[in-house]
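One structure is given here, and the rest of the page talks about it.
These numbers were taken from a predicted model, which means no experiment stands behind them.
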Amino acid sequence: MDATKATPESKSFPYTGTSLKLTTHEVSTDLVATDRKDSKVTRWFDAAAGSERLTWTLQGDTPDIDAGRTGIALCDARFKVEVPKGIAVTRDGERTALTRKPPARIQIPPDCRSGPYVDHVTAVDGRLLHG
């Protein structure tokens, strides 16, 4: 079985809180901070045997995602969870790199804000800071 060859399915969840407690049940899950206003879960699931057990819900501040089979199981699954930037996320009780830290502020000296060679200033993460 190979989840990377499966057709992806996606589901979005409206969310306005400041933190999420992601439960993955040890399924391979990529966690990504994006410019979204909601949270989006994409799953890839490939199976050949066993009874299907698929979960993707949001209860309060806890997204619960799971994919597997019961019985003699032949399957492979993976998820990608996209959350709004600035939301702190724990995965299965452990801290992640996604925290509520505000984006870094960069001061642009006045003499660097204009001139024949400067049309914009971009942060390392791609945000347009001036332009």
Side-chain angles (χ1 to χ4, degrees):
M1 299 296 86
D2 185 358
T4 62
K5 295 179 182 177
T7 302
E9 298 176 84
S10 295
K11 187 174 182 179
S12 295
F13 300 94
Y15 187 70
T16 57
T18 58
S19 64
L20 286 170
K21 300 171 187 170
L22 178 62
T23 303
T24 67
H25 303 276
E26 300 180 9
V27 176
S28 176
T29 304
D30 294 324
L31 189 54
V32 182
T34 67
D35 290 325
R36 304 182 64 84
K37 299 289 184 207
D38 59 358
S39 294
K40 178 182 177 184
V41 178
T42 303
R43 72 179 172 203
W44 293 262
F45 185 70
D46 187 21
S51 298
E52 186 174 279
R53 185 186 75 245
L54 297 173
T55 303
W56 53 0
T57 61
L58 176 64
Q59 296 294 323
D61 65 352
T62 305
D64 187 358
I65 59 176
D66 194 6
R69 306 292 260 194
T70 58
I72 297 174
L74 295 173
C75 65
D76 187 30
R78 85 180 170 93
F79 285 89
K80 179 168 114 179
V81 178
E82 299 172 57
V83 299
K85 288 180 182 174
I87 288 185
V89 180
T90 60
R91 178 190 345 228
D92 299 320
E94 301 291 325
R95 284 189 199 179
T96 69
L98 303 184
T99 65
R100 290 193 63 217
K101 292 179 187 174
R105 297 283 181 208
I106 299 173
Q107 295 294 330
I108 302 168
D111 58 334
C112 293
R113 293 182 187 170
S114 63
Y117 304 106
V118 177
D119 62 351
H120 68 277
V121 177
T122 305
V124 174
D125 65 5
R127 290 177 294 123
L128 181 63
L129 301 173
H130 177 74

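- Taking the side chain as every heavy atom from C-beta outward, Leu22 and Thr29 approach each other to under 4.5 Å.
- Judged purely by atom type and a 3.5 angstrom limit, Thr62 has no side-chain atom pairing as donor or acceptor with the backbone of Gly60.
- Taking 4.5 Å as the limit, some side-chain heavy atom of Leu20 sits within range of a side-chain heavy atom of Pro63.
- Applying the side-chain contact (heavy atoms from CB on, under 4.5 Å) test to Ala67 and every residue at least two apart in sequence or in another chain returns Phe45, Leu54, Ala77, Phe79.
- Between Ile65 and Thr55, the closest side-chain pair of non-hydrogen atoms is not below 4.5 Å.
- Put simply, the side chain of Lys80 reaches to within 4.5 Å of the side chain of Trp44, judged on heavy atoms.
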Under 3.5 Å, which donor-acceptor pairs do the side chains of residues 31-40 form with other protein atoms, sequence neighbours left out?
unit_1: Thr34; atom_1: OG1; unit_2: Arg36; atom_2: N; d: 3.2
unit_1: Thr34; atom_1: OG1; unit_2: Val83; atom_2: O; d: 3.4
unit_1: Asp35; atom_1: OD1; unit_2: Lys85; atom_2: NZ; d: 3.3
unit_1: Arg36; atom_1: NE; unit_2: Asp38; atom_2: OD1; d: 2.9
unit_1: Arg36; atom_1: NH2; unit_2: Ser12; atom_2: OG; d: 3.4
unit_1: Arg36; atom_1: NH2; unit_2: Asp38; atom_2: OD1; d: 2.9
unit_1: Arg36; atom_1: NH2; unit_2: Asp38; atom_2: OD2; d: 3.4

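- No hydrogens or angles considered: a donor-acceptor pair under 3.5 Å links the side chains of His25 and Asp64.
- Using a 4.5 Å heavy-atom cutoff, the side chains of Asp46 and Thr4 are not in contact.
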Checklist entry - Step by step, would you call Ile87 with Thr18 a side chain to side chain contact (heavy atoms under 4.5 Å, CB included)? => result CA-CA 5 Å; Ile87 288 185; Thr18 58; 5.9 Å; no
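- Here the straight-line distance linking atom CG of Asp66 with atom CH2 of Trp56 works out to 13.0 Å at 0.5 Å rounding.
- Looking at Lys21 and Asp61, a side-chain N of the basic residue comes within less than 4.0 Å of a carboxylate O on the acidic one, giving a salt bridge.
- To the nearest 0.5 angstrom, Phe13 atom CZ is 12.5 Å from Glu82 atom CD.
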Item to check | side-chain hydrogen bond (donor to acceptor under 3.5 Å, both in side chains) evaluation trace for Thr42 with Ser10 | outcome: CA-CA 4 Å; Thr42 303; Ser10 295; 2.9 Å; yes
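- Nearest heavy atoms, Val89 versus Thr96: O-OG1, 2.6 Å.
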